[in-house]
Amino acid sequence: MRTLLARVPCSRSSRLVASRSFFHHNTVRQQPALTAPLRKDFASYFFHNDNWQNRPAEPLPTFRESAVLTPKRLLSIYAQLAKTRLTVLVVLTATSGVALSPMPTTLPILLSTALGTALCSASANTLNQLQEVPYDAQMPRTRQRPLVRRAISPLHATCFAIVTGISGPVLLWTMTNPLTAAIGAANICLYAGLYTYLKRKSISNTWVGAVVGGLPPLMGWTACGGKLLPASDYPVTFFLPPFLTDVPLDVSMIDNPLGALSLFMLLYSWQFPHFNALSHLLRASYAQAGYKMLSVLSPQENALVSLRHTLLLVPICSILFPLSGLTTWTFALTSLLPNCLWVRSATAFWRSCGEKQARSLFHTSLWYLPLMLALMMVHKQGVDWTDWGAAKGGDSVEESRAEESQRRPA
């Protein structure tokens, strides 16, 4: 320390530095030696550093062992493969087709339609995830899916998709009819095949996906015995407002192809503002994964398509549904308020193309569909909710058809 003081010029600042150095030196010597853990800095791994060769090589973890698939964890993974929230929405629309059908139904048919539709949806969603693992890994919203984080093997997921994809249509075939089973199987192929393929090829994937969303109500319609196409014994019938016609209501003619078309068009048009608003919020992730979405290529056109189908839903609810006979003409009035609110939200999204407006439109779509289905049930043709006796819906249709067949000559 004397040598250090001798070399430093004699000044006040130098003396202060020397005293601080002396104090620090004594403090360090008085403190007990602590064994600090070795720091693994980036420079310590350079080849010119001796530590690279002297330190023993530490084994690096090449993989993380997956958790044991307990029954509870396995059911959770199956639910994620099936996309539970989406499947619940699909089942809701399918059972609404059963509830709005004028044909008589039973509880086993209702439950079988719901379960069979859920199995078909689970299979389609699983097959979709099996094909999109590399792309889901690039999106923050989907990178925690079971196949991406390897919570389940692709073979296991494929077996789950096959089992649900076969049992769903078989259940529908056995408990309802072959037409309902065929629609369920076609929906699996359409979603897991054409829609999934087009997502990276063309913006038309959104229109194909809208068709997929419009088919479940038809499954509920056909499960009760309804038909989809007009025929000589199954004509299209128009139910005009009471002030435009004096013809008495014939409830036996409510079961006509126009009712099935109305249900399909409601779900088909609802898909566009619902999905386009969501895709606008996720357009950066879609672009990163390479998906051809309209919100990525043309956000303004994406908002315009949403507005078009939102406007189209006004005549669908206020004209097509009452004209088909599924609902009374009172539904044309009560449905105007929800439609006006949704048109207002879609217009705001089209004008600004902002994320705030897109989020508002998406949230509006979540309450719009259940509300409209509930209003349809309230205004269902042939049902008097003030009468606590026997329902007048499907039974009246069946009785009217029986009476009509008896009046026909043998």
For side chain to side chain contact (heavy atoms under 4.5 Å, CB included), just list the numbers for Thr364 and Leu341, CA-CA rounded to whole Å, side-chain angles, deciding distance to a tenth of an Å, and then say yes or no. CA-CA 8 Å; Thr364 304; Leu341 294 176; 5.5 Å; no
Under a plain distance cut-off of 3.5 Å, with no hydrogens placed, do [Y] and [X] share a side-chain donor-acceptor pair?
X      : Y      : answer
Tyr234 : Asp255 : yes
Thr327 : Gln381 : no
Tyr368 : Asn339 : yes
Thr237 : Asn256 : no
Asn177 : Thr180 : yes

Using the ring of each side chain (for Trp, its six-membered ring), is Phe275 parallel, tilted or perpendicular to Tyr286, with breaks at 30° and 60°?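 Rings of Phe275 and Tyr286: tilted, 30 to 60°.
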With distance as the sole test, does [X] use its side chain to make a donor-acceptor pair with the main-chain N or O of [Y] at under 3.5 Å?
X      : Y      : result
Ser112 : Pro108 : yes
Ser306 : Asn302 : yes
Thr84  : Ala79  : yes
Thr174 : Val170 : yes
Ser123 : Cys120 : no
Asn125 : Ala122 : no
Arg73  : Ala151 : no
Thr126 : Ala161 : no
Thr222 : Leu218 : yes
Thr176 : Ala223 : no

Enter the distance from [X]:[atom1] to [Y]:[atom2] here, rounded to the nearest 0.5 Å.
X      : Y      : atom1 : atom2 : answer
Leu81  : Ile152 : CG    : CD1   : 5.5 Å
Ser345 : Gln357 : OG    : CD    : 8.5 Å
His274 : Leu278 : NE2   : CG    : 6.5 Å
Leu172 : Ile183 : CG    : CD1   : 9.5 Å
Tyr291 : Lys199 : OH    : NZ    : 4.5 Å
Gln129 : Lys83  : CD    : NZ    : 5.0 Å

Which atom names give the shortest non-hydrogen contact between [X] and [Y], and what distance separates them?
X      : Y      : value
Thr117 : Met219 : OG1-CE, 3.6 Å
Leu228 : Trp221 : CD2-CD1, 4.2 Å
Pro216 : Thr93  : CB-OG1, 3.4 Å
Gly213 : Gln271 : CA-NE2, 3.5 Å
Ala82  : Thr87  : O-OG1, 2.6 Å
Ser335 : Cys317 : OG-CB, 3.7 Å

Decide side chain to side chain contact (heavy atoms under 4.5 Å, CB included) for Leu266 and Leu373; before the verdict, give the C-alpha distance in whole Å, the side-chain angles of both, and the deciding distance to 0.1 Å. CA-CA 10 Å; Leu266 172 68; Leu373 294 176; 4.1 Å; yes
Can you confirm whether [X] sits close enough to [Y] that some side-chain heavy atom of one is under 4.5 Å from a side-chain heavy atom of the other?
X      : Y      : answer
Ser360 : Phe349 : no
Leu258 : Leu320 : yes
Phe321 : His379 : no
Met139 : Thr142 : yes
Ile166 : Ile162 : yes
Leu323 : Phe239 : no
Met293 : Leu297 : no
Val305 : Asn276 : yes

Could you check whether atom [atom1] of [X] has more than 12 heavy atoms from other residues, nucleotides or ligands sitting under 6.0 Å from it?
X      : atom1 : result
Trp329 : CH2   : yes
Arg344 : CZ    : no
Arg141 : CZ    : yes

Please report the C-alpha distance between His280 and Phe362 in whole Å, then the side-chain angles of each, then the deciding distance to 0.1 Å, and finally whether the ring pair (Phe, Tyr, Trp, His ring centres under 6.0 Å) criterion is met. CA-CA 10 Å; His280 183 84; Phe362 176 73; over 10 Å; no
Test salt bridge (charged side-chain N to carboxylate O under 4.0 Å, His left out) applied to Lys227 and Asp233, step by step: CA-CA 11 Å; Lys227 300 178 182 179; Asp233 59 339; 3.7 Å; yes
Any pair counted as ring-ring contact (aromatic ring centres under 6.0 Å, His included), so long as it reaches residues 114-149, sequence neighbours left out: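 Every pair satisfying ring-ring contact (aromatic ring centres under 6.0 Å, His included) with a residue in residues 114-149: there are none.
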Got a sec, which pairs hit ring-ring contact (aromatic ring centres under 6.0 Å, His included) with one end in residues 75-106, sequence neighbours left out?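 Listed by first then second residue: Tyr78-His156, Tyr78-Phe160.
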When you look at Arg283 and Glu355, which way does the salt bridge (charged side-chain N to carboxylate O under 4.0 Å, His left out) test go after all the steps? CA-CA 11 Å; Arg283 62 189 185 279; Glu355 293 192 359; 3.7 Å; yes
From the options Tyr195, Phe272, Tyr268, select the one residue that forms a ring-ring contact (aromatic ring centres under 6.0 Å, His included) with Trp207.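 The single option meeting the ring-ring contact (aromatic ring centres under 6.0 Å, His included) with Trp207 is Phe272.
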